[in-house]
Amino acid sequence: MSTAINGGRGSMMGGASGGTPPAGAGALLPSAEPVQLVGPDGQHVHDDRYPLPDGEQLLRAYGCLVAGRRINDQANALVRQGRMAVYPSSHGQEACQVAAALVLGDEDWLFPTYRDTVAVITKGVDPLQVLTLLRGDWHGGYDPHEHRVATQATPLATQLLHAVGVAHAAKLRGESTVVLAMCGDGATSEGDFHEALNFAAVFHVPVVFFIQNNEFAISVPLKNQTVAPSLAHKAIGYGMPGERVDGNDLAALLAVLGAAVNRARDGGGPSLIEAHTYRMQAHTNADDATRYRSADDVERWVPRDPILRMRTYLRALTLLGDVGERAFADEADAIATAIRKGLNTEVEVNPAELFEYVYTEKTTQLREQAQQLREELARDAAADAASVDSASDDVEHQGKGDQR
Amino acid sequence: MSTAINGGRGSMMGGASGGTPPAGAGALLPSAEPVQLVGPDGQHVHDDRYPLPDGEQLLRAYGCLVAGRRINDQANALVRQGRMAVYPSSHGQEACQVAAALVLGDEDWLFPTYRDTVAVITKGVDPLQVLTLLRGDWHGGYDPHEHRVATQATPLATQLLHAVGVAHAAKLRGESTVVLAMCGDGATSEGDFHEALNFAAVFHVPVVFFIQNNEFAISVPLKNQTVAPSLAHKAIGYGMPGERVDGNDLAALLAVLGAAVNRARDGGGPSLIEAHTYRMQAHTNADDATRYRSADDVERWVPRDPILRMRTYLRALTLLGDVGERAFADEADAIATAIRKGLNTEVEVNPAELFEYVYTEKTTQLREQAQQLREELARDAAADAASVDSASDDVEHQGKGDQR
Amino acid sequence: MTQTTEAPAARLTHQPEAVAAPPARATATFAKALNAALADTMAADPGVLMFGEDVGRLGGVFRITDGLTARFGEERCFDTPLAEAGIMGMAVGMAMNGMKPVVEMQFDAFAYPAFEQIVSHVAKMPNRTKGAVRLPIVIRIPYAGGIGGVEHHCDSSEAYYAHTPGLTVLAPATVRDAYFMLREAIAFPDPVVFLEPKKLYWSKEEVDLAELRRTFEDGQAPRRIGRAVVARPGTDATLISYGPSVPTALAAAAAAEEEGRSIEVIDLRSIVPFDDETVCASVRRTGRAVVVAEAPGFASVASEIVARVQERCFHSLAAPVLRVTGFDIPYPSPKLEHFYLPSVGRILDAVDNLQWED
Amino acid sequence: MTQTTEAPAARLTHQPEAVAAPPARATATFAKALNAALADTMAADPGVLMFGEDVGRLGGVFRITDGLTARFGEERCFDTPLAEAGIMGMAVGMAMNGMKPVVEMQFDAFAYPAFEQIVSHVAKMPNRTKGAVRLPIVIRIPYAGGIGGVEHHCDSSEAYYAHTPGLTVLAPATVRDAYFMLREAIAFPDPVVFLEPKKLYWSKEEVDLAELRRTFEDGQAPRRIGRAVVARPGTDATLISYGPSVPTALAAAAAAEEEGRSIEVIDLRSIVPFDDETVCASVRRTGRAVVVAEAPGFASVASEIVARVQERCFHSLAAPVLRVTGFDIPYPSPKLEHFYLPSVGRILDAVDNLQWED
Ligand SMILES: Cc1ncc(C[n+]2csc(CCOP(=O)(O)OP(=O)(O)O)c2C)c(N)n1
Ligand SMILES: Cc1ncc(C[n+]2csc(CCOP(=O)(O)OP(=O)(O)O)c2C)c(N)n1
Ligand SMILES: [Mg+2]
Ligand SMILES: [Mg+2]
């Protein structure tokens, strides 16, 4: 099964011309309004700096968008069914997710957060491996090197520095790798955000910092996070350009992020892109968003849905018809089915692995501790075998954990 | 002896009108050139936004400047003589030092760094208490509450957050306290700088962040610290105004900092002021600046000396004459003499104090450990008394430390 | 990401109880007791402030601050920008200027960004200023594992704080102690790291919170800082434990009783200051001891307890003091955590290894 | 502020030697050995990078990186902006992408801003990715006291790292070990916290650095990670020590000899992994042990050593294992530090307390 929803292709935007990088200090400031190329009504909005990506590109990206929404829906369903512990959904933010992955080539790195599962899958990682973390078998389920996708970072903003390091190493070796590093609006308040942007600018490394401003950090609205004119206004403080983009406009995202990636690849250094979007669902399934925002607040964003407008646009141009829609839906279904099947299959966990990867070579101490656990489990197994009554199933073991 | 070199008076700038706080996002950006009111040639430079402080104010501040230079010289001499371990001199930055203290009233707080000894003394703290840290008897020598001067912070940028907290508490109680928090250019790279500015802006608290950009962080020049158009350009990223000022121009500093303090006191929120100055001496006496900059680099800043230009200005207006100069010199001498005398007096240290202030009430563990040390010292003293040969003087004790 | 109380992971050991259902007799959860302690303290002392991430309208991801903003206003219980060093540093300044800040670090591992502020300032400021600046700050940290949490949400970080002179480090294990110790911590003149075992949040006891309030405010609650308690008396060996491991130790003692061994369980409550007296009195009586703690064992609080006990009770010991701790590995993912956590079985194994002659 | 080697505080225990003066026989300081180890490694492996604050043109405040930028260029040894989390986080990314970063934290307490990066990523990334991402990073930390440094410049922070699974924690005490261990650390596939005792920087030994290089590069230097060494053999008691305390322990052993006691001194070198075999073999022979370490004792590496030794050597022990450590207080100011530091006298007192029958 091919799990990469963009079919493992390289960057869609490779070589596509984007906005010209501005020069001069004032030019580091973002535009007054977020860049928009296709409005909520599905109409093209002209922008001097950013040409509209061509129809072929948009169509392919639209397919990823449809798949992305389906992945979010499927993951939410699996949490409800108890197959995953928790899922931070990007419902409503799929245009950001898809664009972040599609503007990158195979040689480029993506640094996602916990919420960026769709971006990770779009960049090519096997969905089942991605969901390992949320299923709870291990902290990370995929090899970051395989598709050049870092593990999904939980400690906020920390990954932005790793992105700078990866880019710096690539630059030192003269490689053309670009790194796209994602974070949320809340994460911009962390010291690591500041340090990452500054390091990237001082070392002039090819990193595109991509903020998904979805207006909330769990329950905390943007106004409690910053009183800056916009998050993109932070860029000038590091000497890099900042840009704002409609985060529900797939076309604008592909154009703006694509331009930033090209700029970085051409030696133009880092930039900061802020996408204005909205977290349509709760922070995770464990969160109760009614405590801090009203249904009305959320409702206002429904007409701005990223899929809706791109569909309207593509159908109007007859780039998308019923047949195409069906094909995309089928693709999305196939991915969802694979996820469902995979997550409904119980995975054996192996306690010996606990000690296996802490160091390249186990320390004496870990060898002893592994041995201790092995013996303990062997004793337990023997005891279980001896007593029919006390057979410990998995839930027992964890739930009480305390049976000897 | 009165140790406050501004005679313990309140803010010189209290109520003085400064620049009008700008409104609108673009207005948060600093002026293209640093504000200057008196040039290196001692001539007044007109600036629409900032009226020149009156002659009386400038004269008094000039006296502090002379004293500040004298304190730096004296401290350096004491290090050479081995009376202090180390001294981070503010030679060349005295205008910043003096202005930072003089714009504050008694109700206001100052948050200094290790380099801001002159500012601390100017705000009223006894010089001998200030130098305790550097003499090595204790980590801090003065009561921060007495003159509302925090301890001189070593961990870079950490104090900026404390400043925000002090201001926040004052604001919650409806007090009119303003907090001026100092840091260097290097410290702006730390995450805590970012978090402090953001917290101050979001909570809209009365803090003036004052960066002394002296072009170096130990050996690291500004260009390796940031590629931003200026450090003051960071302000807009937090939604607060940024301003740049000639850091060797006492008049401009009093005007710009004074306006920022007034603005904060009037509920206008925080602001960021960057002073352009230069560290004329090595980082500390222990540093060898020849390893990273040339004498020529330093030489270029000699004509821009803050004392020189203010003297020229005041003498030209006949506000300052030979008699006045002599009086200021005498005042400065008196302070220097007091410092010299104080530091040449050996201070008894009391090892029992080691355990005294860790907690308000000593823990059982610390009571035991204090007792242990007491017994050990008593045993040592008894042994010393018994043996004429092995009398342990202080240097022995530390130097070898190992004699039983 | 962050899990909250509303719908905890399916495999939670302790399922949250429906808080709304009125109980027949007065009972309260650990979480509710903490919430009440905060509310009662804020009502009694206007200088007490509560802030952190999501502690305002949401009431905290574990709902410990539920209702405080509504009751005391946004100035007394409020959300901050998302920056832990910022929260801690601002708390330092507020404490310098007359307030009593209580801050919440959302999860144990998310206190690490504040480490410099905690170690270099919170812990050292009073000493640096010879007591001129006291810092009555409480750092609340939902901590440790056993809740099926994802990475970074289950660290047992007490050793970092306990090793740092100047900090007072507490870890309650019962609902009553949760209430009394949090109140005592807020009233304490020095900074306190207050460790709240996440897996105990939904544990329940028959307590009347109003009565606890009266007891505390009448000065009738005996001091708990620096005072361990014998949670279960016994004669043959001593289990020394704190926070999340206390219930496990008690369960082990109960199981041992069935095997004919009388095990004493000590709940330290206060890691710093440490109650040598209570601990040593017990071990001198029993002659055998096992320390139980969830953190990785190496250079841990458990190590310290072993070291102290053998230094002070050497001649009473019939066997080495043993440890049952987490392994020296990063906290495992949800499906593997039960292999990691100290369990009744593991404790009983350790007790078996205390070189019994009989 | 920061003190550098050029003109150290007047009251320094170890005065820096004039490095320029050519010695009669080949000698080298600890600092120079580290400098040579870096230079030799960078010459041998183009993937090795050195960065941090002031490590470029200045050569570091202790001159450990002296000459590296001149020799290897600004791309291989360079100054960063002043931000420790930034340095550490960038190192993680570089290591992910094929480099071997060596970073310098300017002083022990200035590594704390990087604590989250160290604990949540450096230590955990390899485990998180099941070994797919290895992080061959060396974190060099000039550490501990005894140099008359001002506050924040003398912390003994090893316990924080030693308690964190996934880190390897080393502390050399001799010039030879400084060279070999730094080279071994850089070659090591996992992250290493490399603690450089500041007060030993100016200590000297008769060694030929070129010979050490040849020995190492010929694969003739025996492994030191995880291997303690008997620094001085003895029969009556064992002193267990590492880093800055090793010379003090050796001096104590020498003094004890005059009093007729034969004391063995163990230099751990490697705190994690810990060499149980060497330590326990010694204690089983001598039957008595004192652990010497400069950090505050509570929940420290010293606690761990005591705990391990009594767990493993209980029946060989004639007396409890004692500790001579720093007090549980913030590191004192220069004029008071000699009251704090483990001294020969204090060690000998502890040895006296090992319940000798004679
Ligand atoms: C250092 C750190 N502090 C706190 C948290 C807990 N936490 C997880 S997600 C989150 C909110 C993040 O908001 P934002 O950056 O806007 O991203 P979003 O969830 O909206 O995608 C918080 C506070 C964390 N993961 N890391
Ligand atoms: C967190 C932290 N990291 C490193 C240091 C070591 N250090 C002391 S001063 C200094 C340079 C500071 O430069 P800057 O902020 O420009 O202030 P200046 O010394 O020029 O006044 C450094 C790196 C420190 N004190 N704190
Ligand atoms: Mg958000
Ligand atoms: Mg500077």
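Throughout, protein chains are lettered first and strands after them, A, B, ... in sequence-line order, and every chain is numbered starting at 1.
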Practice prompt. Could you tell me which non-hydrogen atom of D/Gly86 sits nearest to which non-hydrogen atom of A/Glu195, and how far apart they are?
Written response: N-OE1, 2.6 Å
Response to the item:
Of the listed A/Gln159, A/His139, A/Gln365, A/Glu146, the one with the largest count of heavy-atom pairs under 4.5 Å with chain D is A/Gln365
Response to the item:
When the 4.5 angstrom heavy-atom criterion is applied to D/Glu74 and chain A, the contacting part is neither
Item to complete: State, to 0.1 Å, how close D/Ala85 and A/Leu161 come at their nearest heavy-atom pair, and which atoms those are.
Response: O-CD1, 3.4 Å
Worksheet entry | Test item: D/Met94 and A/Val164 side chains (from C-beta on) under 4.5 Å apart, heavy atoms | no
Worksheet item: What residue, out of D/Asn127, D/Leu167, D/Asp276, has the most heavy-atom pairs lying under 4.5 Å from chain A?
Response: D/Asn127
Worksheet entry | Residues in residues 352-359 of chain A near chain D [non-hydrogen atoms, under 4.5 Å] | A/Glu353, A/Leu354, A/Tyr357, A/Val358, A/Tyr359
Worksheet item: Relative to chain A, which of D/Gly93, D/Ala123, D/Ala83 shows the most heavy atom pairs under 4.5 Å?
Response: D/Gly93
Fill in: Contacting moiety of A/Glu368, where chain D heavy atoms sit under 4.5 Å
side chain
Item to complete: For atom CD of A/Gln371, decide whether the heavy atoms of other residues, nucleotides or ligands shown that lie under 6.0 angstrom number more than 12.
Response: yes
Worksheet item: Does any heavy atom of chain A fall under 4.5 Å from the side chain of D/Glu75, the backbone, both, or neither of them?
Response: both
Worksheet item: At a heavy-atom separation under 4.5 Å, does D/Arg76 approach chain A through its side chain, its backbone, both, or neither?
Response: neither
Worksheet item: Should D/Phe274 and A/Thr363 count as side-chain neighbours, where that means a heavy-atom distance under 4.5 Å?
Response: no
Fill in: Atom CZ of D/Arg57: over 12 foreign heavy atoms under 6.0 Å
no
Discussion item. Exactly one of A/His145, A/Arg148, A/His162, A/Arg173 should register a side-chain hydrogen bond (donor to acceptor under 3.5 Å, both in side chains) with D/Asn97. Which one does?
Written reply: A/Arg173
Worksheet item: Which bit of A/Thr360 is near chain D, if near means a heavy-atom gap under 4.5 Å: side chain, backbone, both or neither?
Response: both
Worksheet item: By a 4.5 Å heavy-atom criterion (distance strictly below it), what part of D/Phe78 contacts chain A: side chain, backbone, both, or neither?
Response: side chain
Worksheet, complete the sentence: When the 4.5 angstrom heavy-atom criterion is applied to A/Asp143 and chain D, the contacting part is both
Worksheet item: At what distance, to the nearest 0.5 angstrom, does OH of A/Tyr142 lie from OG1 of D/Thr129?
Response: 10.5 Å
Discussion item. Any heavy-atom pair between the side chains of A/Thr158 and D/Ser120 that's under 4.5 Å?
Written reply: no
Discussion item. Within this structure, what is the CH2-CE distance for the pair A/Trp109 and D/Met96, rounded to the nearest 0.5 Å?
Written reply: 4.0 Å
Worksheet item: Do A/His168 and D/Phe51 have ring centroids that are under 6.0 Å from one another?
Response: no
Practice prompt. May I ask you to name which of D/His121, D/Met99, D/Met125 has the most heavy-atom pairs under 4.5 Å with chain A?
Written response: D/His121
Discussion item. Is A/Ala170 close to chain D through its backbone or its side chain, or both, or neither, when contacts mean heavy atoms under 4.5 Å?
Written reply: both
Worksheet entry | Results of ring-ring contact (aromatic ring centres under 6.0 Å, His included) for D/Tyr161 - residues two or more places apart only | none
Worksheet entry | Heavy-atom pairs under 4.5 Å with chain A, option from D/Glu116, D/Arg134, D/Lys124 with the top count | D/Arg134
Worksheet entry | pair D/Leu49-A/Leu172: side-chain heavy atoms closer than 4.5 Å | yes
